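To keep things clear, I will list the structure first and then write my remarks on it.
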Amino acid sequence: MQENSAMRKLPPYLFARIEKKIEEAKEKGVDIISLGIGDPDQPTPQHIIERAAQALRDPANHQYPSSVGMLSFRQAVAEWYRRRFGVDLDPRSEVVSLIGSKEGIGNISACYLDPGDTSLVPDPGYPVYGIGAILNGAEPYKMPLKAANGFLPVLSDIPTEVARKAKLMFINYPNNPTGTVAPDEFYHEVIAFARDFDILVCHDAAYSEITFDNHRARSFLEFPGAGEVGIEFHSVSKTYNMTGWRIGWAVGNRDAVDVLGRYKSNIDSGAFQAVQYAAIEALSGPQDCVAAMRRLYQERRDVVIEGLRRMGWSIEPPQGSIYVWAPVPRGYDSSSFAEAILEKAGVIITPGIGYGEYGEGYFRIALTVDKGKMAVALDRMYQAIGKVEFD
Ligand SMILES: *Cc1c(COP(=O)(O)O)cnc(C)c1O
């Protein structure tokens with residue numbers, strides 16, 4: 001049986017080549033340090049685990065959950081939004097639980113896109129945005145994120161006929177992979193654009209709690225009019241080292257929250273209640289673990305920036321996320337640079353092309369190894385390729 005045309009249209013897996021090289025290096029016994037993984041290396045804080053363990057023993061949690069989430073979970077999300085962003089949400093109509101934010105980011109396309117529709121997606125970006133369009137027979141239209149524009153899409157560059165056809169726009173700040181935090185003006189522009197062209201804005205705020213120096217990320221919903229045109233996806237995954245638990249939420253526009261909830265009630269039956277209790281504890285319990293996590297990533301970031309500068313990069317530290325995004329030196333493209341660093345230094349970095357065509361010319365370092373190991377990785381890179389130059 002042949003898979004359908006949407007499955008056949010999925011882009012080839014761009015990391016296949018580098019993964020083959022990683023296998024080869026491992027077989028040769030090379031000691032590899034991976035700076036490729038966008039998954040927190042630290043454990044989930046203990047108080048959250050304790051709450052989940054307690055909930056696990058309660059038979060009431062062994063049955064089907066509600067597909068939109070327990071009311072107490074949705075209330076905890078709403079209270080967190082009020083405390084953290086000053087945003088008021090009605091837990092009944094403006095919050096829906098997700099099995100990780102990726103689930104909702106993927107499914108929102110199924111809720112809004114018909115074959116032939118257009119979805120505006122950032123490039124480079126999290127692949128799920130564009131894949132959601134492809135799986136539903138729609139077209140992703142790539143909004144380039146360029147250094148010259150502060151890694152923000154330039155909305156005035158989107159042709160009017162494309163904007164008219166577009167139903168969804170995905171944005172993500174603090175940004176994976178570029179580490180950028182968006183300025184307030186950008187959100188105002190997005191809201192005006194979405195109003196003009198009747199587009200649902202989908203803001204991915206997965207890294208809102210991971211910012212450095214004096215930067216503070218804002219919720220899309222803090223801006224006037226946002227709730228009329230958009231929703232925000234978020235989860236406990238990055239903030240509380242809970243990527244494996246699979247629990248997140250979408251908040252904002254009532255119609256969008258409602259349609260996501262209806263979609264989910266037809267294809268999944270919601271998140272395990274013990275996991276929802278863990279998320280309630282994460283959002284409502286002590287928050288010192290979040291400040292500690294921020295300090296940890298900032299120290300690692302500083303090790304990377306100092307190491308790269310020593311080798312010849314002139315690079316500004318990222319304001320948020322768990323990534324450093326940097327240009328490849330003269331003489332390489334993103335794939336050949338990643339392969340050279342793997343072969344000569346035993347260090348895995350991610351080629352920018354894996355995040356889209358406008359990611360070519362860049363590589364990504366994930367801040368997910370401790371700072372001692374990070375320093376060793378940067379030293380090995382220096383030993384392997386020495387000083388670098390740029391065009
Ligand atoms: C890690 C990440 C997420 C979070 O995904 P979950 O499904 O909530 O674990 C969302 N968006 C981006 C860009 C990410 O990097």
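From a predicted model like this one, the values you see are computed outputs, not experimental measurements. Residues: numbered from 1 along the sequence shown. We count ligands from 1, going down the list as the structure has it; atoms in each ligand are counted the same way.
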Taking the six-membered ring where the residue is Trp, are the ring centres of [X] and [Y] under 6.0 Å apart?
X: Phe363; Y: Trp325; value: no
X: Phe223; Y: His188; value: yes
X: Tyr207; Y: Tyr173; value: no

Quick one: which residue pairs count as a ring pair (Phe, Tyr, Trp, His ring centres under 6.0 Å) with a foot in residues 111-148, not counting sequence neighbours? Tyr126-Tyr129, Tyr129-Phe170
Only pairs at least two apart or in different chains count here, so list each ring pair (Phe, Tyr, Trp, His ring centres under 6.0 Å) that has a residue in residues 367-391. Trp313-Phe390
Expected contact list for ligand 1 at under 4.0 angstrom, heavy-atom basis, is Gly100, Ser101, Lys102, Tyr126, Tyr129, Asn172, Asn176, Asp204, Ala206, Tyr207, Ser235, Ser237, Lys238, Arg246
Holding to ring-ring contact (aromatic ring centres under 6.0 Å, His included), I want the full list of residues that pass it with His215, two or more places apart in sequence or in another chain. none
